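As structure tokens, the structure follows; a few thoughts come after it.
All values derive from a computational prediction rather than experimental measurement. Every number for a ligand or one of its atoms is a count from 1 in the order of the listing.
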Amino acid sequence: MSPPETTELEARLLALIKANGPISLADYMADALGHPHDGYYATQSSLGADGDFTTAPEISQVFGELIGLHLVQSWIDMGEPEAFNLVELGPGRGVMMADVLRAARVRPGFLKAARLTLVEASGRLRHEQQKRLRALNVDADWKDAFTDVPEGPLLLVANEFFDCLPIRQYERTELGWRERLVGAREDGAALAFTVASAPPAADAGLPPADDHPLGAIFETGEAAAALGADIAARLVAAPPGRALIIDYGRVRADVGDTLQAVRDHAYWPVLTAPGRADLTAYVDFDGIARAAIAAGAGVHGPVSQGLFLERLGLAARLEKLCAGKSPAEQAAVHAGAHRLAAPSAMGEIFKAMAISSPTLPAPAGF
Ligand code: SAH
């Protein structure tokens, strides 16, 4: 048997933990994914058949095309501004944006008005996005964070972005909830979960401990809620605009450990070889919605991805795509759509939610 794989990042985290004590899961996640030198985004080719995982736009072009139609309708709802920021958070390989722009050709004014900003942490993925958009003759700007997006009307999309944001976990112990931390195994040779000795802050947003059995895990997504609040605050202060968030997760917060690592299309131990595997967790839609509403924005959904795509015209789009194709090609188109929309596949666990300037009507698909 080969020795277990370790990474430089793991060695560094172990040294840090030895010197200063355990770190929060949020800090671990942020480092494992985002460390500028050794993090997952800096070192791995994450997406597609050769990567670690597959996403909706990688499965079928129908996904991005329907999002494109949703965005065009939002632009119309906004009064067809002559210039607006079209922003994508975490565009991956740029596949969805390419499909969005192709579908948006039905409204040349939309394409003329769109100023494209892509918020992307990975240098490799920025490069792929640039290549794909250049082939379409489209210019874009890249930014590190949502707060860097230029002023002006806003249409934002984020598919499978919020699930990458760091979460915290709390474990029900005999003393009540205690934050779950990343520490070291007794021999100091590997990372291991531990719990904080002090109780969590009173405003951590935890349910009554007595309602849950020993060992139960409760997750909080402060980073996701904070980003939802930032987006909402901008949509309120500088209308009109909308944000469409699509991700896997829960409508209401509940107990359960949803943190998962994925590598080569298979599950991977969360604390092993940090930086080599993707890490994601369920998105707490309710937490984002509450933050957005508190900031004064309108919130629509979440609705299941299957329903959302159907309402945007999935059936008609499939008919169009299948026209003139061979039976085998038609079957492939339908298989892709089934994966996106069927409740037994991605249709139910993935959800869509919109944050809107309060003056706008309900968006298409909601
Ligand atoms: N939306 C794409 C990719 C999803 S994977 C798709 O559906 O195929 C997550 C994407 O978010 C990747 O592009 C990743 O590099 C990016 N990302 C994750 N966390 C980020 C952060 N904090 N800042 C900027 N980009 C981030």
_Separation of R102 CZ from Q61 CD (nearest 0.5 Å)_ = 5.0 Å

*Option of least heavy-atom distance to atom 2 (C) of ligand 1 (set: A42, G90, A223)*: G90

*Has ligand 1 got any nitrogen or oxygen that is less than 3.5 angstrom from a nitrogen or oxygen of D144?*
no

*Return a yes/no value for A121: is any of its N or O atoms, backbone included, closer than 3.5 angstrom to an N or O of ligand 1?*
yes

_For a side chain to side chain donor-acceptor pair (under 3.5 Å) check, start with the C-alpha distance between Q169 and E179, then their side-chain angles and the critical distance, and finish with the verdict._
CA-CA 6 Å; Q169 288 186 334; E179 184 167 358; over 6 Å; no

*Is the cationic atom of R250 (NZ for Lys, CZ for Arg) positioned less than 6.0 Å from the six-membered ring centroid of Y282 and within 45 degrees of its normal?*
no

_If I apply the N/O under 3.5 Å rule, does G92 come out as touching ligand 1?_
yes

_ring-ring contact (aromatic ring centres under 6.0 Å, His included) for Y40 and H35? Distances and angles first, verdict last._
CA-CA 7 Å; Y40 180 71; H35 188 281; over 10 Å; no

*Could you tell me the separation between the CZ atom of F350 and the CD atom of Q305, rounded to the nearest 0.5 Å?*
6.5 Å

*Just jot down the ligand 1 atoms closer than 4.0 angstrom to any heavy atom of C164, in number order.*
9 (C), 18 (C), 19 (N)

_Separation between CD of E80 and CD of E82, rounded to the nearest 0.5 Å_ = 10.0 Å

*Partner of I288 by side-chain contact (heavy atoms from CB on, under 4.5 Å), out of V299, I245, I293*: I245

_Shortest protein heavy-atom distance from atom 18 (C) of ligand 1, along with the residue and atom involved_ = Y41 OH, 3.0 Å

*Measuring from I67:CD1 to S74:OG, what's the distance to the nearest 0.5 Å?*
10.5 Å

*What atoms in ligand 1 come closer than 4.0 Å to a heavy atom of P57?*
6 (C), 7 (O), 8 (O)

_Nearest neighbour in protein (non-hydrogen) for atom 20 (C) of ligand 1_ = F161 CE1, 3.5 Å

*asked:* Looking at ligand 1, would G34 count as a contact under a 4.0 Å heavy-atom criterion?
replied: no

*Ignoring angles and geometry beyond distance, decide whether E120 reaches within less than 3.5 Å of ligand 1 through its nitrogen or oxygen atoms.*
yes

*Can you sort out which atoms of ligand 1 are near L125, meaning under 4.0 Å from one of its heavy atoms?*
12 (C), 13 (O), 15 (O)

*Do L244 and F84 share a hydrophobic cluster (ILVMFWY, side-chain heavy atoms under 4.5 Å, transitive)?*
yes

*Identify the closest protein heavy atom to atom 7 (O) of ligand 1: which residue and atom is it, and at what distance?*
N159 ND2, 2.8 Å

*Using distance alone, decide if ligand 1 has a nitrogen or oxygen within less than 3.5 Å of any nitrogen or oxygen in E160.*
no

*Nearest non-hydrogen protein atom, atom 6 (C) of ligand 1*: T55 OG1, 3.3 Å

*Check if A56 has a non-hydrogen atom at a distance under 4.0 Å from any atom of ligand 1.*
no

*Please determine if R172 and D211 form a salt bridge, counting it only when a charged side-chain N lies under 4.0 Å from a carboxylate O.*
no

